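In each ligand, atom 1 is the first atom listed, and ligand 1 is the first ligand listed. Note that these values count all heavy atoms, side chains included, but never hydrogens, waters or copies made by symmetry. Fair warning: this is a prediction, and the values are worked out from it, not measured in the lab.
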Amino acid sequence: MRRTLILTKILILYLFIVSVQSKYHSRSLPYDSEEAKVTNLHFVLHETISGSNPTVAMIAQANITNNDNNSSVPFNTVLALDDILNIGPETNSEVIRNAQGLGVLIAETSTTNLLWFWDFGFITGKFNGSFISMFSRNLTTAMVHELSVVGGRGKFRMAKGYAQIQDYIQNDTIIISELNVTVIHY
Ligand SMILES: *[C@@H]1O[C@H](CO)[C@@H](O)[C@H](O)[C@H]1NC(C)=O
Ligand SMILES: *[C@@H]1O[C@H](CO)[C@@H](O)[C@H](O)[C@H]1NC(C)=O
Ligand SMILES: *[C@@H]1O[C@H](CO)[C@@H](O)[C@H](O)[C@H]1NC(C)=O
Ligand SMILES: *[C@@H]1O[C@H](CO)[C@@H](O)[C@H](O)[C@H]1NC(C)=O
Ligand SMILES: *[C@@H]1O[C@H](CO)[C@@H](O)[C@H](O)[C@H]1NC(C)=O
Ligand SMILES: *[C@@H]1O[C@H](CO)[C@@H](O)[C@H](O)[C@H]1NC(C)=O
Ligand SMILES: *[C@@H]1O[C@H](CO)[C@@H](O)[C@H](O)[C@H]1NC(C)=O
């Protein structure tokens with residue numbers, strides 16, 4: 001009896017897999033851009049550079065001798081990031097969630113660029129469970145940086161837009177940056 005049940009299950013699973021594999025279809029409909037909304041978000045990013053709980057870690061580095069005068073983050077370095085997003089610049093202000101991603105330090109002629117691949121997640125408010133994907137270089141000489149919003153998930157599906165980011169505090173242990181994000185989504 002049990003065996004039959006298992007066999008039946010396997011058969012059902014098999015049929016299911018087959019039906020999934022053998023079906024290819026597509027359908028195109030007019031694209032309704034009228035339904036798009038624009039959302040502005042404001043929050044603060046907390047990045048701990050050093051100490052016992054850093055939110056950024058170097059994961060790979062090219063072995064090059066001319067490394068920008070022994071800078072702690074020389075050219076050709078890959079960083080892993082898990083920064084905290086808060087509503088304000090105080091470390092104990094309400095947590096919105098985090099920004100996880102990769103940063104790649106690139107040498108472009110004489111200036112250093114940070115290339116960000118960033119995924120911003122939210123656990124509070126109406127965007128709880130939604131994410132914004134950003135991808136941009138951060139030219140290390142500018143005061144206010146712009147990041148491109150290249151996509152999103154959850155309520156931010158099909159997102160596009162931009163973010164402006166500015167340092168509030170930057171020292172050897174912490175970078176606290178303010179962000180204004182403008183996102184068009186559905
Ligand atoms: C780094 O490069 C230098 C100079 O080319 C070489 O002597 C050294 O062995 C390299 N170190 C590693 C860990 O590959
Ligand atoms: C490295 O340091 C030297 C001497 O202090 C300076 O002349 C040079 O411009 C520095 N290079 C970079 C890339 O900062
Ligand atoms: C970088 O550090 C190494 C080892 O400490 C030292 O030999 C070298 O002179 C330093 N280079 C510069 C440009 O400061
Ligand atoms: C956010 O969503 C999660 C999962 O659905 C839920 O457990 C949590 O309570 C929500 N948080 C807020 C503040 O609404
Ligand atoms: C972007 O570059 C600026 C200038 O070097 C720096 O102050 C800022 O902390 C960087 N932004 C981030 C998010 O790392
Ligand atoms: C964010 O917007 C606020 C209010 O308009 C403004 O005061 C602040 O300077 C902006 N910050 C950035 C980094 O754009
Ligand atoms: C960096 O700034 C934070 C926040 O103001 C402060 O708590 C910390 O002591 C500072 N660290 C250094 C090395 O100045």
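- Shown in contact with Q166 at under 4.0 Å from a heavy atom are these atoms of ligand 6, numbered in order with element: 13 (C).
- Residue, atom and distance of the protein heavy atom nearest to atom 13 (C) of ligand 4 are I123 O, 3.6 Å.
- Within a 4.0 Å radius of atom 4 (C) of ligand 6, the protein contributes no non-hydrogen atoms.
- Across every non-hydrogen atom of N171 and I49, the tightest pair is O-CD1, 3.5 Å.
- Those atoms of ligand 7 that come under 4.0 Å of a heavy atom in I169, given as number and element, are 2 (O), 5 (O).
- Atom CZ of F117 has more than 12 neighbouring heavy atoms from other residues, nucleotides or ligands inside a 6.0 Å radius.
- Between H42 and ligand 6, a contact under 3.5 Å exists for no N or O pair.
- In this structure, the protein non-hydrogen atom closest to atom 14 (O) of ligand 6 is N180 ND2, 2.9 Å.
- A donor atom on one side chain and an acceptor atom on the other are not found under 3.5 Å apart for T55 and D82.
- Put simply, the side chain of S133 reaches to within 4.5 Å of the side chain of R153, judged on heavy atoms.
- For atom 11 (N) of ligand 6, the nearest protein heavy atom lies closer than 4.0 Å.
- Closest heavy-atom approach to atom 2 (O) of ligand 7 within the set N171, I174, T91: this belongs to N171.
- With a 4.5 Å cut-off on side-chain heavy atoms, L179 and F120 count as touching.
- Protein heavy atoms all stay at least 4.0 Å away from atom 7 (O) of ligand 4.
- Residue Y168 qualifies as open at atom OH: its count of foreign heavy atoms under 6.0 Å is 12 or below.
- Here the protein heavy atom with the shortest distance to atom 9 (O) of ligand 4 is N128 ND2, 4.7 Å.
- Between H145 and W116 the shortest side-chain heavy-atom distance does not fall below 4.5 Å.
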